[in-house]
Amino acid sequence: FLMACRGPPSQDERYCPRRCVGNVRSPRIPSMNFPIYLTLLVLALLVSHQLGRVLGDPTGEPASPYRQLPKAMHGTMNERPRLTVGIRDADLNGNDNRVLQAAVDYVGSLGGGTVEIGPGEFIMRDSLHLRAQVTVRGQGARTVLRKAKASTSALALDGDFGEEQITLKEAAGFEVGDGVAIWDKNAGGFHTTVARITGRNGNTFSLSLPLNADCMVDSGAQAATVYPVISGYYLEGVRVENLTVAGNQQENVHLNGCRGGGVFLYRCPGAILQGCTIRDYHGDGISFQQSNDVEVNACVSEGNSSLGLHPGSGSQRAIVRNSQARRNGEDGLFLCWRVKHGLFEGNTLEGNGRFGISIGHKDTDNLIRNNRVIGNTNDGVFFREESEGMAGHRNRLEHNFIENNGGSEPVAGIRVRGETGELVFLGNIIRDTRKGVERRQTIGILLEEKVGPVEVTENQIEAETALTDRRKLR
């Protein structure tokens with residue numbers, strides 16, 4: 001490559017017979033040809049790399065199915081386990097969580113593969129517990145996983161931290177195999193325990209997991225058969241496609257989004273949710289916690305009692321794309337704590353009971369672009385109150401459509417609170433098309449007193465006040 005690029009060598013560049021170098025001086029590389037030389041060198045390296053992948057390792061061994069995978073003592077297989085589940089005419093037939101779980105567990109025991117769920121409604125008395133390297137695929141609106149009616153009871157005895165049993169006052173409706181949640185007024189959030197009932201002795205039930213916290217009778221300790229309809233914990237290679245979750249909100253009590261949701265993932269890096277619909281769950285629609293590199297594509301979260309989309313607790317590099325969160329009880333998209341370096345694009349956040357998008361505690365360096373934020377009860381995009389060290393810095397909002405937000409009180413299209421700074425708002429359309437007193441999105445962008453640097457560029461704002469900058473009052 002070098003010779004072709006540079007032409008014949010000079011006298012000083014000719015090889016010494018006894019040393020594979022030039023006679024005295026270093027080779028001459030004409031400066032005008034250096035870019036061509038560098039380009040050809042890079043091409044040579046790329047071609048060499050691709051040939052190595054095709055032909056085998058540097059020893060010349062050809063590619064072969066017997067060449068082992070990095071984490072296994074076998075080569076790549078063209079055919080992986082596949083199992084069908086349905087109401088009828090499938091490999092496994094049934095209409096509740098047990099047949100679905102049997103299929104997922106079987107494929108998981110073989111190292112992964114695909115479970116295909118046919119049309120029908122499946123009653124869920126416990127989560128569908130995902131397994132590593134297993135894809136679960138339904139048929140969209142035709143495949144419905146419906147949360148069963150919940151039973152609730154106060155605890156008759158204190159549930160102690162680490163204990164693996166509970167004693168209930170009213171045991172009716174609690175059965176072995178059911179999912180169950182246990183909490184009291186001091187044990188919310190991640191301190192709520194979600195487990196499975198593994199045995200029974202009268203009003204005392206054994207649990208698959210120890211209690212995460214003390215649940216004291218004096219603090220209103222209770223148990224209920226509530227749980228995520230689909231859940232995964234500490235898994236890799238998880239994929240869920242084209243399933244519909246019916247949360248049956250009216251027959252269930254609330255489960256907080258740190259431990260539950262229509263779909264709930266905990267420490268499941270790289271999980272993919274594709275084409276799923278979650279509706280009417282008494283809690284969050286989709287919640288993933290402490291899970292990096294999760295992708296949510298073309299999903300719908302609607303009519304749930306809490307948050308529509310809830311990435312949280314250190315979930316970094318999330319991609320939420322072309323999804324919808326509408327008519328949920330709280331925020332459409334809620335970036336919880338330490339959500340960083342994410343991409344949120346092409347989504348619709350509409351008609352939610354609080355904010356369209358909420359950003360806060362250590363939620364930094366996210367790109368939020370090409371979203372539609374429409375008709376939410378409070379501010380369209382809201383940066384929560386945080387001190388400088390904990391604020392949502394360096395987030396970019398680009399080319400979003402923020403329209404007609406605000407219910408009974410006036411709101412802003414974008415509102416920034418706390419000591420949040422280094423934000424970029426570029427090319428957004430912010431407007432309210434309602435008439436007269438119905439207009440509630442009265443401010444385009446509101447920057448409160450403690451806010452740091454914000455770049456506002458090329459936005460189209462139609463509001464009574466385009467920009468309210470209260471930093472000037474400090």
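I445 places a side-chain heavy atom less than 4.5 Å from the side chain of I461. Under the 4.5 Å side-chain criterion, counting only non-hydrogen atoms from C-beta, V240 is in contact with L130.
Checked against salt bridge (charged side-chain N to carboxylate O under 4.0 Å, His left out), R434 has the following partners two or more places apart in sequence or in another chain: D432. Partners of V253 under the side chain to side chain contact (heavy atoms under 4.5 Å, CB included) rule, at least two apart in sequence or in another chain, are T152, W183, A224, V226.
Put simply, CG on L309 and SG on C299 are 8.5 Å apart, with the number rounded to the nearest 0.5 Å. Between the CE atom in M390 and the CZ atom in R338 there is a gap of 12.5 Å [rounded to 0.5 Å].
By the 6.0 Å contact criterion, CZ on R394 is enclosed, its count of non-hydrogen atoms from other residues, nucleotides or ligands being greater than 12. More than 12 heavy-atom neighbours from other residues, nucleotides or ligands sit within 6.0 angstrom of NE2 on H129.
For D280 and K147, the salt-bridge test fails: no basic side-chain N is under 4.0 Å from an acidic carboxylate O.
In summary, of the residues considered (T433, N405, D379), a side chain to side chain donor-acceptor pair (under 3.5 Å) with Q441 occurs for N405 alone.
When all heavy atoms of A223 and I166 are compared, the pair lying nearest together is CB-CD1, 4.0 Å. Contact record, R384 with T420: O-OG1, 4.2 Å, taken as the closest heavy-atom pair.
With hydrogens and angles disregarded, no donor-acceptor distance shorter than 3.5 Å links the side chain of D178 to the backbone of I197.
No hydrogens or angles considered: nothing links the side chains of Y281 and Q249 as a donor-acceptor pair under 3.5 Å. Using modelled atom types, one finds a donor on one side chain and an acceptor on the other under 3.5 Å when comparing K340 with T364.
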Exercise for the section: Go through K450 and E385 one step at a time and tell me if the salt bridge (charged side-chain N to carboxylate O under 4.0 Å, His left out) criterion holds. Expected result: CA-CA 10 Å; K450 296 181 289 184; E385 177 78 36; 2.7 Å; yes
